[in-house]
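In listed order, ligands and their atoms are each counted from 1. Below, each value reflects all heavy atoms present in this structure, side chains not excepted, and no hydrogens, waters or symmetry copies.
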Amino acid sequence: MTLSHVKLKNVTKCFKDVKAVDNVNLEIKKGELFTFLGPSGCGKTTILRMIAGFYYPTEGSIYFDDKDVTYLPANRRNAAMVFQSYALFPHLSVEENVAFGLKVRKVPQKEQKEMVKRALEMVKLAGYEKRRIDQLSGGQQQRVALARALVIKPTILLLDEPLSNLDAKLREETRWEIRKLQKELGITTIYVTHDQSEAMAMSDRIAVMEGGKIQQVGTPEEIYFKPANRFVASFIGKTNFIEAVIEDFSHDSALVRVGDEIRFWVDSTCRQDGYIPYRGDRVTISIRPEAMEIVDRPGKNVVKGRVRLTEFTGVTMEYEVEMGGITLHISTPGIGKEKKSPGDEVLIHLPPRNMLIMRGDDNETA
Ligand SMILES: Nc1ncnc2c1ncn2[C@@H]1O[C@H](COP(=O)(O)OP(=O)(O)OP(=O)(O)O)[C@@H](O)[C@H]1O
Ligand SMILES: [Mg+2]
């Protein structure tokens, strides 16, 4: 199986007056699992359909391995799409469903049988050839849909929310299976989801979208620890936004002030790309709930707060803490820490390297 690399250049798609996809530029590498992540209606399916060839862009071009495929019909691109609804034929057998694309491509019967057998082995459904789709569980149907896509030996696999019909536990198991299979086959895979934890767990790289636009492209780590803006920071996991003022800034440290009294240091390198702070700037500090620590002693970057609410989840102890007139959400390990109660005064350590300084005016774009 040769793999393809995919390039989108200035791709825009309009439906009458709706700009579903707005000037997208991207390169997806060979063998990569690349995810489009974003809220409902942000344009994910539209992008996938343009890559598959079911829609043509209003503007811009799409390339597979530097070949312009923008207006090439779907059946002449070697891409296979798994739809959110699976679109299986319920009254046909597993075998007949998987063989569908081979029939369309007029592959000889004998070869078809062999190819279907191998595709079903890949998704661990050997022996289910004669079962009807309506006699399978949701997870099994999902795997039939995957086998039907894999059987044509696509160079690009397109998956549109393939796990959304499964329950939480099966979803987690299946995402591992897909990831494993994708790595084994090394197939270039473009994945769509609105579930941030699914995207984080599965992807080599993620494009975060909003309103038809790409907000950021990066590895799960880059997106989590260095979100490009407020939208990305709040869409990926939980975060606290603290409004602050820059009091001092040097090559290694920034001193920030919250309200009148609270001051702490943030590592100078921990700032939004392209932003250089100046004394007096209004900024937003983003800090993850699990980055903060409740400590026993005062010290550098230790601030005072008061517990308002607690919640024990098993894995974590969640705190809502009031600090200098603002509310912080803090998440600590559920095991081994002395539990604080509402009303308790606590000392909170803010690690200088685990915060991010963002432009104050970025708030308006969120
Ligand atoms: N065929 C169409 N005709 C008109 N508008 C459309 C069409 N398809 C999509 N849209 C609009 O384009 C925008 C993007 O839709 P799209 O289906 O790509 O979103 P999505 O990110 O896949 O959302 P979801 O997570 O809900 O599946 C939406 O505003 C949608 O209403
Ligand atoms: Mg969609």
Without placing hydrogens or testing angles, list every side-chain donor-acceptor pair under 3.5 Å for residues 321-336, not counting sequence neighbours.
residue, atom, partner, partner atom, Å
Glu322, OE2, Gly325, N, 2.7
Thr327, OG1, Arg308, NH2, 2.6
Ser331, OG, Glu318, OE2, 2.9
Thr332, OG1, Met317, O, 3.4

Do any N/O atoms on Phe15 end up under 3.5 angstrom from N/O atoms on ligand 1?
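It does not: no N or O of Phe15 is found under 3.5 Å from an N or O of ligand 1.
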
Using every non-hydrogen atom in the two residues, find where Ala145 and Val82 come nearest and quote the distance to one decimal.
O-CG2, 3.7 Å

Nearest candidate to atom 22 (O) of ligand 1, where distance is taken over non-hydrogen atoms, out of Val21, Thr46, Thr45
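Heavy atom nearest to atom 22 (O) of ligand 1 belongs to Thr45.
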
Heavy-atom proximity to atom 28 (C) of ligand 1, picking from Cys14, Gly41, Gly212, points to Gly41

As an exercise, identify every atom of ligand 1 less than 4.0 angstrom from a heavy atom of Tyr55.
1 (N)

Please identify which atoms of ligand 1 are closer than 4.0 Å to at least one heavy atom of Glu161.
25 (O)

Does the pair Glu184/Lys180 count as a salt bridge with the N-to-O cut at 4.0 Å?
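So Glu184 does not pair with Lys180 through a salt bridge.
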
Listed partners of Asp134 passing side-chain contact (heavy atoms from CB on, under 4.5 Å), at least two apart
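Counting only residues at least two positions away or on another chain, Asp134 forms a side-chain contact (heavy atoms from CB on, under 4.5 Å) with Arg132.
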
Please set out all donor-acceptor pairs under 3.5 angstrom arising from side-chain atoms of residues 8-20, sequence neighbours excluded.
residue, atom, partner, partner atom, Å
Asn10, ND2, Asn23, OD1, 3.0
Thr12, OG1, Asn23, N, 2.9
Lys13, NZ, Tyr56, O, 2.8

Return all protein N, O or S atoms below 2.8 Å from the Mg ion (ligand 2), chain by chain in residue order.
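Under 2.8 Å from the Mg ion (ligand 2) - ignoring waters, which are not counted - the protein N, O or S atoms are Thr45 OG1.
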
With under 30° as parallel and over 60° as perpendicular, where do the rings of Phe231 and Phe235 fit, or are they tilted in between?
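Rings of Phe231 and Phe235: parallel, as their planes differ by under 30°.
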
